[in-house]
Amino acid sequence: GAGVSQSPSNKVTEKGKDVELRCDPISGHTALYWYRQSLGQGLEFLIYFQGNSAPDKSGLPSDRFSAERTGGSVSTLTIQRTQQEDSAVYLCASSLASGGVEQFFGPGTRLTVL
Amino acid sequence: GNSVTQMEGPVTLSEEAFLTINCTYTATGYPSLFWYVQYPGEGLQLLLKATKADDKGSNKGFEATYRKETTSFHLEKGSVQVSDSAVYFCALSPQGAQKLVFGQGTRLTINP
């Protein structure tokens with residue numbers, strides 16, 4: 001079956017612009033996660049959704065970052081007024097349940113802020 | 001807080017060599033422990049996991065044992081292959097939480 005998909009695969013933007021990154025989880029997976037992978041910081045957790053609710057937003061680095069999930073499926077991560085330090089690969093993952101279970105990762109969106 | 005420390009890379013071995021990648025963690029309670037692997041050009045995928053003390057996770061010839069007394073989850077394989085070349089990440093999921101906390105990753109290269 002289809003895995004987690006993310007779009008776009010690559011995004012180049014100018015400093016100060018807003019960007020939206022999309023994640024389509026595996027059908028039926030109730031939990032959805034966003035992570036960021038960068039050279040300096042490694043793999044960092046950003047936010048977790050259970051259904052359409054986000055009980056853990058502790059990893060969002062600033063109020064320029066926000067995310068939503070609709071219909072218990074697709075999620076969008078929005079970065080406003082992008083900065084060069086936002087350049088990274090943004091990974092989405094989903095799982096059937098939550099807590100100690102396997103998370104299935106998408107291929108990522110590589111964001112470059114010029 | 002929760003953190004994972006893993007062996008710095010890169011690690012280069014010859015085919016059929018024995019592999020150990022060290023991983024230690026700091027966490028309260030009883031986290032679940034994972035090894036994820038990222039093959040060249042591919043996404044992160046689960047290699048193995050263990051959810052309680054003394055559990056051994058295994059897959060594709062790789063093994064790791066959850067050692068609570070030493071807070072470790074070292075990855076081992078008896079005879080590596082060129083196809084094992086990848087970046088390996090040790091991770092934990094804190095008890096009662098859903099996120100994964102990752103180590104910094106270890107790049108492994110196996111030469112024929």
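Letters go in sequence order (proteins before strands), and every chain restarts at 1. Note that the structure is a prediction, hence the values are computed from the model and not measured.
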Proximal component of [X], with respect to chain B [non-hydrogen, under 4.5 Å]:
| X | answer |
| --- | --- |
| A:Q37 | side chain |
| A:F104 | neither |
| A:I47 | neither |

| request: Mind ranking B:L92, B:L46, B:L100, B:V101 by heavy-atom pairs under 4.5 Å with chain A and telling me who comes out on top? | output: B:L100
| field | A:E14, CD atom: more than 12 neighbouring heavy atoms under 6.0 Å | value | no
| What closest approach, in Å, do B:P40 and B:S85 show between heavy atoms, and which atom pair accounts for it? | CD-O, 3.6 Å
| request: Side chain from CB out, backbone as N, CA, C, O: work out which of these in B:E42 comes under 4.5 Å of a heavy atom of chain A, or both, or neither. | output: neither
| message | We want to know whether A:Y33 and A:S95 form a side-chain donor-acceptor pair, criterion being a heavy-atom distance below 3.5 angstrom. | response | yes
| message | Can you confirm whether the side chains of A:Q50 and A:T30 place a donor and an acceptor under 3.5 Å from each other? | response | yes
| message | Under 6.0 Å between ring centres: does that hold for B:F34 and B:F102? | response | no
